[in-house]
K.L.:
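There's a structure below that I have some questions on.
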Amino acid sequence: MKPCMKEIEKRKILSEVALGNIPPDTVIANGILFNVFTGEFIKKQSIWIKDGRIAYVGPDHDPQKDGKTQVIDADGMALLPGLIEGHTHLNRSGIEEFVRHVIPGGVTTVIMETIDFGLIAGREGMEYLVKGLEEQPIRFYYTIAPLCGLTPSEEINAPTNEELLPLLKNPQCLGIGEIYWGNIFLEGQQGERVRELASIALEMGKLVEGHTAGASGRKLQAYTDFGVSSCHEPITDEEVLERLRLGYWVMIREGSIRKELPGVAGIFKKKIDFRRLILSTDGVDPEEFLEEGYLDASLRSALKLGVPPQLAYQMVTINVAEHFGLDHLIGSLSPGKMADLLIIPSPEDFSPCLVMCDGKIIFRDGKSLAEPKKVFFPDHMFHTVTIPDDIFSSIKGGALAEPAVALAKAGKVRAMELVSRLVTKESIIDLEKPEESKDVIMILALDRLGSGKAFMGFLKGFGLERGAYGTTMSWDSPDMIVVGCDTQSMEAVIGRLKEIGGGGVYAIGKEIVAEFPAPLCGVASLKPMEIVGEEVKKLEASLRKNGVKWGKPALTVDTLTSPAIPHLRITHKGYVRLKDRKVLPVEA
Ligand SMILES: [Fe+2]
């Protein structure tokens with residue numbers, strides 16, 4: 001195949017710029033350049049840029065200029081490649097707000113997961129998300145969510161592998177998104193679909209992104225045999241080392257779900273090769289985004305922990321680019337690469353003064369100079385909470401409430417018990433014994449896509465003392481989850497979630513105490529991040545004020561449906577024991 005003439009012309013022009021025969025568009029002079037390949041910070045360096053690409057990097061020379069050449073004096077500050085976020089989610093925000101807020105922190109490339117809209121709106125949801133990522137002032141790539149639920153009933157909107165092919169073939173698609181390790185071993189059609197999807201991606205030369213929480217030894221290796229090449233779940237330095245030795249690209253997660261840097265810090269003291277280490281957020285919630293920052297905040301945490309600056313910067317530039325096969329374009333400041341770069345005061349002080357993407361300055365001296373492109377989602381993606389009206393009578397002392405209430409009177413029940421803010425265990429509780437029934441409330445899983453199917457069980461250890469909280473932002477499931485102390489509050493929550501198109505609602509009796517409307521697929525808000533952050537903060541503060549003991553109560557409830565976290569989970573069909581995916585009733 002012949003290379004495209006346009007590309008050859010572009011390269012010729014770049015080489016003429018390097019030779020001094022054509023003036024560059026932009027010259028950045030007198031900087032301390034970070035060389036990602038050698039780990040050096042080199043003083044008195046210049047970068048010459050033409051047509052959005054780097055033509056020359058090296059000692060300060062006075063290049064040929066014309067009236068249009070823009071000269072930026074870096075004044076002895078440090079020059080870095082733009083940051084690359086290797087694994088993230090929108091976390092309740094829209095695309096425009098995400099773009100607006102990541103730019104000041106120096107992120108110029110993002111690899112986005114597509115699960116959040118795919119779960120509810122299937123292939124169409126992923127397609128609109130992918131379309132929205134195009135032509136933004138920063139670079140986006142994506143991975144396709146395997147959409148694998150606890151049981152097949154959560155995969156109701158999952159496209160077939162054939163239907164996913166166009167999305168997979170798109171050059172912006174880098175592979176299949178995080179496949180939880182347990183899901184690859186699932187029996188029957190559920191597992192077959194995921195394993196086939198992984199193989200299709202590998203045959204197309206794309207990646208399979210992993211999720212190996214808690215796996216080790218032969219199980220980890222058996223999972224790796226399916227071609228998985230990255231993981232963002234290690235929580236100790238031993239887990240990091242085990243995965244590095246198996247050839248993984250290990251993403252140390254430092255975001256809203258968990259902050260792993262302190263737990264894995266021992267890895268940085270080892271005398272090993274770090275080129276496969278990556279730092280990533282896995283998503284940052286709006287309130288945290290505004291208060292602390294994004295990947296820039298993770299980077300500052302790494303520097304504060306004593307990670308040498310050169311290693312910290314390699315973890316968010318060249319290492320990520322190499323993992324995704326993008327190092328011919330991004331991840332370094334070297335000739336022929338895209339002009340994605342940052343100026344920071346010094347190698348030790350990561351606070352970008354200038355951010356450039358594709359040769360355009362998109363942030364300078366505290367001001368954003370680029371507007372996100374407006375994103376379109378069709379109207380029906382804002383009306384995804386479909387619940388039959390008679391569901392309320394079922395809850396209020398009716399069919400749904402009955403088994404739980406009857407069993408409560410009878411004594412022993414099966415319950416989900418929170419042993420940490422995310423991990424649960426299966427507990428058999430005698431509700432007649434006061435010490436056992438303490439801190440036990442109802443939990444309702446409700447198919448919010450219209451079937452009206454629901455399961456009522458018990459939740460222990462959440463701490464809620466009055467009212468009910470409900471969410472449509474459940475992980476890996478299209479179910480609505482409502483936890484509550486009484487059915488009247490639960491009914492109010494369901495009614496309000498239906499009215500606002502989803503999100504999170506807390507009610508006491510008939511009164512709505514706090515809410516976070518997330519009408520886009522019931523998982524995201526299009527309001528400014530400042531408002532979203534305030535709404536979520538207020539909602540979580542109300543829950544804590546009313547007894548919830550966990551730091552991020554909304555996240556705790558959102559994750560109760562996920563096969564990513566052990567041990568007992570919930571669907572509208574019943575509890576699900578993660579280790580064997582057995583659906584269990586409330587009867588003990
Ligand atoms: Fe993730």
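All heavy atoms count here, side chains included; hydrogens, waters and symmetry mates do not. Order of listing sets the numbers, starting from 1, for every ligand and every atom in it.
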K.L.:
Would you please say whether a donor-acceptor pair under 3.5 Å links the side chains of Glu417 and His567?
P.N.:
no
K.L.:
For Trp181 and Tyr223, take the angle between the two ring planes, folded into 0 to 90°, and tell me which bin it lands in: parallel under 30, tilted 30 to 60, perpendicular over 60.
P.N.:
perpendicular
K.L.:
Any N/O/S of His211 under 2.8 Å from the Fe ion (ligand 1)?
P.N.:
no
K.L.:
Give a yes or no on whether the ring-centroid distance for Phe117 and Phe377 is below 6.0 angstrom.
P.N.:
yes
K.L.:
Quick check, are the ring centers of Tyr469 and Tyr506 under 6.0 angstrom apart?
P.N.:
no
K.L.:
Which angle, to the nearest 10 degrees, do you find at the Fe ion (ligand 1) between OE2 in Glu178 and OD1 in Asp282?
P.N.:
170°
K.L.:
Counting backbone and side-chain atoms alike, does His89 have an N/O/S atom under 2.8 Å from the Fe ion (ligand 1)?
P.N.:
yes
